[in-house]
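Down below is the structure, laid out as structure tokens.
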Amino acid sequence: MIRFDNVNKSFGKVHACRDISLHAPDGKITGVLGPNGAGKTTALRCLLGLVRPDSGQVEVDEFKVADDPISARSRLGVLPDQFGLYVRLTAREHLGFFGRLHGLQGSELDAAIDNVAERIGMTELLSRRVQGFSQGERMKVALGRALLHNPRNLVLDEPTRGLDVMAARSLRELLAKERAAGRCIMFSSHVMAEVAALCDRVVIIAEGRVTAEGSPDDLCQQAGEPELEDAFVKLIGTTRGLAA
Amino acid sequence: MSHSINWLHLKAVFIKEALDAIRDRRSLMAVAGYVLMGPVLIWISFTAISERESVATTLEVAAQGVDALPGLTTALAAQDIELIAKDDAQAVVAEGGDIILGLRVPDGALDDLHSGKPVRVEMILDESDNGARRAQRRLQQALGAWSQELTTLRVIARGVSPSLLQPLDVQTVDLSTSAERAALLLGSFQIFLLIAAFVGAMNVVIDMVAGERERHSLEILLAQPVNTLSVLTGKWLVATAFGALCGVLTTVALALIIPRLPIAELGIAHTPTLHGYALMALVAAALAPFATGLQMVAASFARTFKEAQTYLSISFILPMFVAMGIQMLQPDPQTWMQLTPMVAQQQLLDQILREQWPSVADYVLGLGPTLLIGLVLMWLAALLHRREQILQTA
């Protein structure tokens, strides 16, 4: 479970987050949509404890991020918008490193790596160095890193970006399975069809505020538009950031 | 929030960074390049000095009218100066050939000599030529000696003791040992040892601090359940190992090159012993924790690889100037010197080269504060990684 309660964060005169409150429950996929510069990245950094809110609080399961960021982070699996991979390491070395940071060791770590590689179809990539990987292959390594320690909560920023049709399809199936297993999944995407198909709930953020939330159908109804993309444009109230 | 070191996290970071650094060709090339460059530069400069200072070669001088001064040719030949008779010495020197110095004795010199008048002799050279000026000094010295000899003969012939012409007999008593004389010259090697750790650690630090930020991997790393102290300590240890390795290898390279240098021709018969080299390697390696800490702090302010290269170059040029200044000014040893990184190590290297072996207490006092300052700098870098600005990228 991930919860934001009245989170505010400013950088000088820029209000990146204005009173953001949202709740991503277990067993659901919560989509967070917003144009570029809407405040999603700052909100994510508040969730990870990398940025301290000016006011309000963020919780991951029973942990308040401000009080115990280490425990909160141990409950999260994160796929950021920039993969941040180490090109001189093999995929297995990558997963091994991050697994150790989550306390996995020895045979338990090896088993976790083999398991996650099989789940996302990257077994044949394990012994290769990341340098030379395609965008889709890099995405798999980053996704494997997020799933490796079997976190209760997954935060995925545009996870199907760069994936071919088959890989994107199998990722959506994987997310559906994870949801069925009771995990909380927070997910952002610019592909509205994907959001409409996958998300149970959608939170729309624009100019640092939550401007609408509900199921994709609710949002379409609120906006009086049949398509989610049109509803999204109407609900954010501006076209700023959409072209970027 | 826990700020104490988590040893499992530290070990994980250490293994990952060591693997990453060993596979980074730039880091290895920096170490290998430096280790090879130092001795090669030293060899070239020593060979050049030795050739310049060498007195073994015969100096050829174009001589005009020297037959008028009997005994001069023989006297100069004893000093390895060969007078080659020419009709126009100035024209020979002006030609710019192998002969760069001329000696002209005007007509009537013999008469002047017999009548006790000073004989005018002219040395002909191009003063803008360093080689010609050195040759001139040599010839002038030899002519001075011959002139002195004539004076002595003249006063004896007049029944006067030549010692009357020399109220002072000035002698120099050199108290330096051969090890100390060698240390003066070998002191120029110190700077290579003092900056070795900086060079060895530099690329590793840039890659693991600024590079981490530039490729956006820092954010995902800090998003793990780790504290910055464990992460930065792991990184610090790897870069310190590279710095120390560079210090040791540079000493090994010096140990291999010094016996092959033409230092005997410069009047130095003494080179450091194996024991001396081992202690020099220890001192050079002991700078690595400080060098790495300083570079990590500087790199924490850089958002890109290039920015870090600029900051880190400054971070080791500054201490290098301090070390060079101390070497030039040669102040008396004082307590603050033992507490100051670079200066403390320079003092120790100086003692080792002079074979005035430092005591264990000297090593503890000379290396301890530097290690401590390195640890404090590493801790400061960890603090800097807790700032929100650390996530900003270029």
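In this structure, a donor-acceptor pair under 3.5 Å is absent between the side chains of B/Asn227 and B/Asn6. Residues A/Arg183 and A/Asn150 have side chains that bring a donor and an acceptor to within less than 3.5 angstrom of each other. Side-chain contact annotation: A/Arg92 with A/Thr90, donor-acceptor N/O pair under 3.5 Å absent.
Contacts with chain B (heavy atom to heavy atom, under 4.5 Å) involve no residue of residues 107-127 of chain A. Contacts between residues 12-23 of chain B and chain A, counted as heavy-atom pairs separated by less than 4.5 Å, involve B/Ala12, B/Val13, B/Lys16, B/Leu19, B/Asp20, B/Arg23.
Salt bridge B/Glu219/A/Arg45: present, at least one basic N to carboxylate O contact under 4.0 Å. Salt bridge annotation for B/Asp207-B/Lys235: absent, with no cationic side-chain nitrogen under 4.0 angstrom from a carboxylate oxygen.
Residue B/Asp24 touches chain A through both its backbone and its side chain, counting heavy-atom pairs closer than 4.5 Å. With a 4.5 Å cut-off on non-hydrogen atoms, B/Glu212 touches chain A through its side chain but not through its backbone. Contacts of B/Ile220 with chain A are made by both backbone and side-chain atoms, with heavy-atom separations under 4.5 Å. Neither the backbone nor the side chain of A/Leu44 comes within less than 4.5 Å of any heavy atom in chain B.
Checking B/Leu377, B/Thr292, B/Leu383 one by one against B/Val297, the side chain to side chain contact (heavy atoms under 4.5 Å, CB included) holds for a single residue, B/Leu377.
Heavy-atom pairs under 4.5 Å with chain B peak, among A/Leu48, A/Leu47, A/Leu50, at A/Leu50. Taking chain B as the reference chain and counting heavy-atom pairs below 4.5 Å, the highest number among A/Arg75, A/Glu93, A/His94 is found for A/Glu93.
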query = Please walk me through it: do B/Arg213 and B/Glu307 pass salt bridge (Lys or Arg N to Asp or Glu O under 4.0 Å)?
reply = CA-CA 12 Å; B/Arg213 204 164 157 183; B/Glu307 213 178 322; over 6 Å; no
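Geometric assessment of A/Arg145 against the ring of A/Phe98 yields a positive cation-pi assignment under the 6.0 Å and 45° thresholds.
Residues A/Val210 and A/Phe4 form no side-chain contact, since every pair of their non-hydrogen atoms from C-beta on lies 4.5 Å or further apart. Using a 4.5 Å heavy-atom cutoff, the side chains of A/Pro80 and A/Asp157 are not in contact.
In plain terms, the two heavy atoms of A/Thr42 and A/Ala16 that are nearest each other are OG1-CB, 3.6 Å.
A/Asp26 contributes a side-chain N or O that, together with a main-chain N or O of A/Met1, makes up a donor-acceptor pair within less than 3.5 Å.
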